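Take a look at the structure below.
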Amino acid sequence: MKYNQKTENFFADVYEVTRLIPRGRVTSYGAIVNYLGTKGGARMVGWAMNNCHREVPEVPAHRVVNRDGLLTGKHHFGTPEMMQQLLESEGIKVIEDKVQDFQKLFWNPIDEL
DNA sequence: TTGCTGACCGACG
DNA sequence: CCGTCGGCCAGCA
């Protein structure tokens, strides 16, 4: 599969930022988009994540949630429970598909990078 | 080319 | 609180 240079660059940036998320922390699609300069649109981040499973090394997509801290993409993992399981294994509490203390655990690439 | 969809977000009523 | 719409861009029929 080949993508445009634009798309490849976008993908690379998204994956790079996602991999930089510290263990036990989370971020949002909007934050990544904002960090990249809203290039490509917010929905493209999710679209990129849909392809991340074939990327190497593994992209911690489970650390990326929507702006409310909801695990909107959990159905795109092997099983719907996997995303929550991975987060809890890192010490993140998840209740009803929602990250607890989201504001506290939120990792903003703009602020950190 | 058109129209619909999508792991989003913000604004409106 | 909930539904709807517009904007963003790529993929597909």
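Owing to the predicted nature of the structure, the values given are computational and were not obtained by experimental measurement. Every chain is numbered from 1, with letters handed out A, B, ... down the list of sequences.
Atom NE2 of A:His76 and atom C1' of B:dT5 are 12 Å apart (whole Å). Atom CG of A:Asn66 and atom C1' of B:dA7 are 9 Å apart (whole Å). In this structure, CZ of A:Phe11 is placed 7 Å from P of C:dG11, rounded to the nearest angstrom. Residue A:Leu71 contributes atom CG, which lies 11 Å from atom C1' of B:dA7 at whole-angstrom precision. B:dC9 atom P lies 19 Å from atom OH of A:Tyr35, rounded to whole Å. Between the CG atom of A:Asp68 and the C1' atom of B:dC9 there is a distance of 10 Å, rounded to whole Å. The interatomic distance linking A:Tyr29 (OH) with B:dG10 (C1') rounds to 18 Å, in whole Å. At whole-Å resolution of the value, CG in A:Asn9 and P in C:dC9 are 15 Å apart.
Using modelled atom types, no side-chain atom of A:Glu112 and backbone atom of A:Ile110 make a donor-acceptor pair closer than 3.5 Å. No donor-acceptor pair closer than 3.5 Å links the side chain of A:Tyr35 to the backbone N or O of A:Asn108.
Of the candidate nucleotides C:dG11, B:dC9, B:dA7, C:dG11 has the atom nearest to the side chain of A:Trp47. Closest to the A:Met44 side chain, of the nucleotides B:dC8, B:dA7, B:dG6, is B:dG6.
Contact check, A:Ser28 against B:dC8: no side-chain N or O comes under 4.0 Å of OP1 or OP2. An OP1 or OP2 oxygen of B:dG10 is reached within less than 4.0 angstrom by a side-chain nitrogen or oxygen of A:Arg67.
Between A:Met83 and A:His62, the closest heavy-atom pair is CE-O, 3.4 Å. Listed here is the closest heavy atom pair of A:Pro109 and A:Thr27: CD-OG1, 3.8 Å. Shown here for A:Val65 and A:Phe102, the closest heavy-atom pair between the two residues is CG2-CE1, 3.5 Å.
For the P atoms, the distance linking C:dC1 with B:dA7 amounts to 24 Å, nearest Å.
Across all strands shown, A:Ala48 has no heavy atoms under 4.0 Å from either base or sugar-phosphate atoms.
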